[in-house]
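If you're wondering where the values come from, they're calculated on a predicted model, not measured in any experiment. Quick note on labels: first sequence line is chain A, next is B, and so on, each numbered from 1.
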2 protein chains.
Amino acid sequence: MLKKERHTYIMKQINLHNKVLSSDLSQQLNVSEDTIRRDLNELDESGKLLKVHGGALSKSYHFPFHQNEVYAQEAKKQVALKAIQLIKEGMVVLTGGGTTMIELAKMIPFSLEATFFTISPLVALELVEHPKLTVILIGGQLSKNAQINVGASVINDLSEIKVDICFLGANGIDAKEGITDSDWEVVQVKKAMIKSTSKVVILSISEKLNSVQKMRVCNFNQVTHFITELNPNHANLASFSEMNIQIL
Amino acid sequence: MLKKERHTYIMKQINLHNKVLSSDLSQQLNVSEDTIRRDLNELDESGKLLKVHGGALSKSYHFPFHQNEVYAQEAKKQVALKAIQLIKEGMVVLTGGGTTMIELAKMIPFSLEATFFTISPLVALELVEHPKLTVILIGGQLSKNAQINVGASVINDLSEIKVDICFLGANGIDAKEGITDSDWEVVQVKKAMIKSTSKVVILSISEKLNSVQKMRVCNFNQVTHFITELNPNHANLASFSEMNIQIL
DNA sequence: GTAAAAATTGCAGAAAAACGCAAATTATTA
DNA sequence: TAATAATTTGCGTTTTTCTGCAATTTTTAC
């Protein structure tokens, strides 16, 4: 039995019972507990489960999304800070989801008067208390891993709006391959978002630079701004400098 | 049973009852009180509860200033507890918003397989981690005071679905006047919700009994169940007893 | 003030994890 | 195809973690 097979088996058990024991898995898969532990360590590092003494637990059950700490929060705050400077009074804005986008929402000044469309319930809730904002949450099926609304109805609703500026997070970003993502539903929605706007702003921490995911969202000629926390003339950004994009 | 499992169990009990006893937990989890005390100490040190002699207390309940306090939370939890007993495997459920509904969402067991439509981002986020639930958030303009989605698009989307059971909170409830509310947008949405379902379950703490708001949502012949925290033959419920409604 | 209940502390046995290493398997290259 | 390199796996040893028990101290209740 191959490693990948064990991994999928383990994840199935996790999703079924919310927990697994190293000893059980060792018996069921006919490998030593050492091997199981190594498997669990890998799955833990890639964030798919939570390894504990004796086995592993479902991450979602024991650590709900909203109480997770934000990874690389400082960098994301810097990125968000740059981004909000692009928002002007009276604008119609569209935002995606993700932790960077939530940081952005937290930074929106209370005095701003604008209209925000979003597919993220978390972003919407951050903005709802702002007195001068109109917040419109585009509904759909709530994606379990991305925590944004996805599906045909979202794409349909997006096709009927036209906004001034759209802020998007990126999972994979590469000078050649453009913006990429690993979840099919998410890619579909992001594509629809890009169609609904005149300015596309990509937010991404530098760590994700030069990484490529399974599916393409768009290439760089559809992007108007790219924001990261690095200095614009940093070596890692050299490959982007020739493009017709504003780098912040 | 693994340590972390005990921790989640303890936190669930804390969130449900606002307090736990070491002796109870020892029995329920089949471990010595020593172990429970060690668990409680760890959870206390990480700030998740408040350890006291004999057990532990919910932090939010006893120090409500940190988080936004839920008014009459105990009563709302009792109401929600009754309500979830109406949800059966495989059902299609529609829920409104409000604090009672969020308590209900928190109590949904992880093992339930069902489809949830909701107009409340907070309810949706509570449910999104449940592995077997499909959560569909009906989008629209996010109402600043009710924290639910409202507007024509919500009503339109609601007109296109048909659910088994619909849970609704009530601001005003009166034997003569029926269910009433003070926000026009909210009333419109609630009316649309009632049209989309076969069973209408009203959840309300007894305090709101016999109060009448500005606008009518519906009268009692559209309601199938009414849940409050009082004993069914309590005097205050006398006026409802003749109606064709199940009172819980 | 006394007795009962609960908490703390130290300790020991058991279970699990980490580590290093060797054998076996798989992939890569000539 | 053979040889080499890289990865994976299992085993023995050491280290750490977990848990219950007993003795002692502290808190609570009557």
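Rounded to whole angstrom, the span from the CG atom of B:Leu29 across to the C1' atom of D:dG20 amounts to 15 Å. With rounding to whole Å, B:Ile36 atom CD1 is found 13 Å from C:dA6 atom P. The distance from atom NZ of A:Lys3 to atom P of D:dT8 is 4 Å, rounded to the nearest whole Å.
For residues 216-241 of chain A, the set of pairs meeting the salt bridge (Lys or Arg N to Asp or Glu O under 4.0 Å) definition, not counting sequence neighbours, comprises A:Glu177-A:Arg216.
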Contact state string [nucleotides 14-27 of chain C, B base, S sugar-phosphate only, - no protein heavy atom under 4.0 Å]: --SB-B--------
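Ion pairing between a basic and an acidic side chain is recognised when a charged N comes within 4.0 Å of a carboxylate O; B:Asp39 and B:Lys3 show no such pairing.
B:Ile102 is not listed as a side-chain neighbour of B:Thr100, based on a closest heavy-atom distance of 4.5 Å or more. Considering only heavy atoms from C-beta on, A:Asp24 stays 4.5 Å or farther from A:Val20 through its side chain. Between A:Ser32 and A:Thr35 the shortest side-chain heavy-atom distance falls below 4.5 Å. Between B:Lys12 and B:Leu16 the shortest side-chain heavy-atom distance does not fall below 4.5 Å.
For the OP1/OP2 pair of D:dT19 and a distance below 4.0 Å, the side-chain nitrogens and oxygens of B:Ser32 include no atom meeting the criterion.
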